[in-house]
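Since the structure comes first, as structure tokens, the remarks are kept for the end.
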Amino acid sequence: MTIFVPAYFCCDRRPNLSDEFINDFAQRLKLEFIPDGKGDRVKTFAPEDVFAYMYAVFHSPTYRDRYSEFLKTDFPRLPLTSQPKLFKKLCDLGDRLIELHLMEKHGEEITSYPVEGDNVVDKVRYGLPQAPFKKGEKKAELGKVWINKTQYFDGVSPEVWDFYIGGYQVCDKWLKDRKGRTLSYEDLIHYQNTVSAISETIKLMESINQTIEQFGGFPII
């Protein structure tokens with residue numbers, strides 16, 4: 001396992017990767033390292049590939065659980081694979097996560113904002129449908145994120161609502177940081193895109209786990 005320095009590029013686009021790290025990873029993968037951009041991930045790899053691979057591995061729920069005690073006290077350590085096919089698959093998954101988190105691309109639209117009003121964020125709360133359900137009917141799994149007494153975002157699952165990044169509950173904090181403000185049209189779209197990104201992130205995290213398991217699981221070799 002090799003320590004990866006989190007900082008990525010400096011101003012002249014030289015990768016912040018040590019020669020030792022590059023040589024180690026290149027020898028493991030049997031791929032040629034090129035110093036900028038992306039490689040083809042078949043014969044070559046590059047700094048952006050390393051970043052995508054890292055981003056995928058660090059989003060693995062199994063990685064976070066397995067190394068949770070170490071993560072509390074030190075920088076995350078990046079396990080380096082010797083399997084080029086695993087490397088490529090994780091790079092592809094990492095690329096998609098990066099696009100979502102930078103809002104360069106958006107996931108499937110899954111929420112609505114159906115009620116007109118003043119769009120002022122007052123009291124933020126989350127609720128699942130409550131009434132009334134027929135006997136034997138499965139309760140709906142999607143809830144509403146209310147921003148005031150009458151307006152809400154509909155179609156938000158509990159796992160999306162409860163999703164944390166670091167110590168922050170994203171869907172809750174974003175709105176509470178805007179308490180007392182009137183949400184613009186762009187704000188409404190941004191929040192819906194955020195919900196969509198989180199929903200797809202959860203699915204991608206599971207795909208990352210499954211991919212790693214297909215190639216032998218942790219510790220990655």
Item to check | Asp92 bridged to Arg96 by N-O distance under 4.0 Å | outcome: no
Checklist entry - Do Val115 and Leu175 belong together in a cluster built from hydrophobic side chains that touch within less than 4.5 Å? => result no
Next on the checklist: Please check this pair: side chain of Gln169 against backbone of Trp161, looking for a donor-acceptor N/O pair closer than 3.5 Å.
Outcome noted: yes
Checklist outcome for this item: Exactly one of Phe33, Phe51, Tyr53 clears ring pair (Phe, Tyr, Trp, His ring centres under 6.0 Å) with Phe45, and that residue is Phe33
Checklist entry - Nearest 0.5 Å, what's the OH-NE2 distance between Tyr55 and His101? => result 5.0 Å
Item to check | Donor-acceptor side-chain pairing of Asp187 and Ser184 below 3.5 angstrom | outcome: yes
Next on the checklist: Within the 4.5 Å heavy-atom criterion, are Ile147 and Leu183 side-chain neighbours or not?
Outcome noted: yes
Checklist entry - Does a side-chain heavy-atom distance below 4.5 Å link Ser60 with Phe218? => result yes
Checklist entry - Is Gln151 reaching over with its side chain to a backbone N or O of Asn119, donor-acceptor style, under 3.5 angstrom? => result yes
Next on the checklist: Just verifying a value: how many Å separate Arg64 CZ and His59 NE2, rounded to the nearest 0.5 Å?
Outcome noted: 5.0 Å
Checklist entry - Are any non-hydrogen side-chain atoms of Leu90 and Thr81 less than 4.5 angstrom apart? => result no
Item to check | Atom CG of Asp19 with >12 non-hydrogen neighbours under 6.0 angstrom | outcome: no
Checklist entry - Do Ile165 and Ile198 pass the side-chain contact (heavy atoms from CB on, under 4.5 Å) test, and can you show the C-alpha distance, the side-chain angles, and the key distance before you say yes or no? => result CA-CA 10 Å; Ile165 294 179; Ile198 292 172; 6.0 Å; no
Next on the checklist: Is there a side-chain contact (heavy atoms from CB on, under 4.5 Å) between Lys179 and Val124? Walk through the geometry before answering.
Outcome noted: CA-CA 8 Å; Lys179 186 173 181 179; Val124 179; over 6 Å; no
Checklist entry - Between Val42 and Leu86, is there a shared hydrophobic cluster once you connect ILVMFWY residues whose side-chain heavy atoms come closer than 4.5 Å? => result no
Next on the checklist: Quick check against the 3.5 Å criterion: does Asn148 have a side-chain atom that pairs as donor or acceptor with the backbone of Val120?
Outcome noted: yes
Checklist entry - Under the 3.5 angstrom rule, does the side chain of Glu200 hit a backbone N or O of Leu100 as a donor-acceptor pair? => result no
Checklist entry - Mind checking whether Phe70 and Leu80 sit in one hydrophobic cluster, side chains of I, L, V, M, F, W, Y counted as touching below 4.5 Å? => result yes
Next on the checklist: I'd like to know whether NZ of Lys89 has more than 12 heavy-atom contacts from other residues, nucleotides or ligands below 6.0 angstrom.
Outcome noted: no
Item to check | Shared hydrophobic cluster, Leu128 / Val145 (ILVMFWY, side-chain heavy atoms < 4.5 Å) | outcome: yes
Item to check | Asn193 side, atom CG; Glu186 side, atom CD - distance, nearest 0.5 Å | outcome: 11.5 Å
Next on the checklist: For Asp95, run the salt bridge (Lys or Arg N to Asp or Glu O under 4.0 Å) check against Lys105, Lys88, Arg41 and tell me which one passes.
Outcome noted: Arg41
Next on the checklist: Assess the residue pair Leu31 and Thr44 against the criterion (side-chain contact (heavy atoms from CB on, under 4.5 Å)); give the C-alpha distance rounded to whole Å, side-chain angles, the decisive distance to 0.1 Å, and a yes or no.
Outcome noted: CA-CA 5 Å; Leu31 301 179; Thr44 62; 5.9 Å; no
Next on the checklist: For a 4.5 angstrom cut-off between non-hydrogen side-chain atoms, does Thr111 reach Ser196?
Outcome noted: no
Next on the checklist: I need the single residue from Tyr126, Tyr191, Trp146, Tyr113 that forms a ring pair (Phe, Tyr, Trp, His ring centres under 6.0 Å) with Tyr152. Which is it?
Outcome noted: Trp146
Checklist entry - Aromatic rings Phe21 and Phe25: how do their planes relate, parallel, tilted or perpendicular, breaks at 30° and 60°? => result perpendicular
Next on the checklist: Is any side-chain heavy atom of Pro76 closer than 4.5 Å to one of Met54?
Outcome noted: no
Item to check | Spatial distance of atom CE (Met103) from atom NE2 (His190) [nearest 0.5 Å] | outcome: 4.5 Å
Next on the checklist: Could you go through Leu142 and Ile110, starting from their C-alpha distance and side-chain angles, then the distance that decides it, and tell me whether this counts as side-chain contact (heavy atoms from CB on, under 4.5 Å)?
Outcome noted: CA-CA 10 Å; Leu142 299 179; Ile110 59 175; over 6 Å; no
Checklist entry - For the hydrophobic clusters of this structure (ILVMFWY residues joined by side-chain heavy atoms under 4.5 Å, transitively), does one cluster hold both Leu17 and Ile34? => result no
Item to check | SB check Lys72 Glu69 (cutoff 4.0 Å) | outcome: yes
Checklist entry - Does the side chain of Phe163 reach to within under 4.5 Å of the side chain of Thr201, using non-hydrogen atoms? => result yes
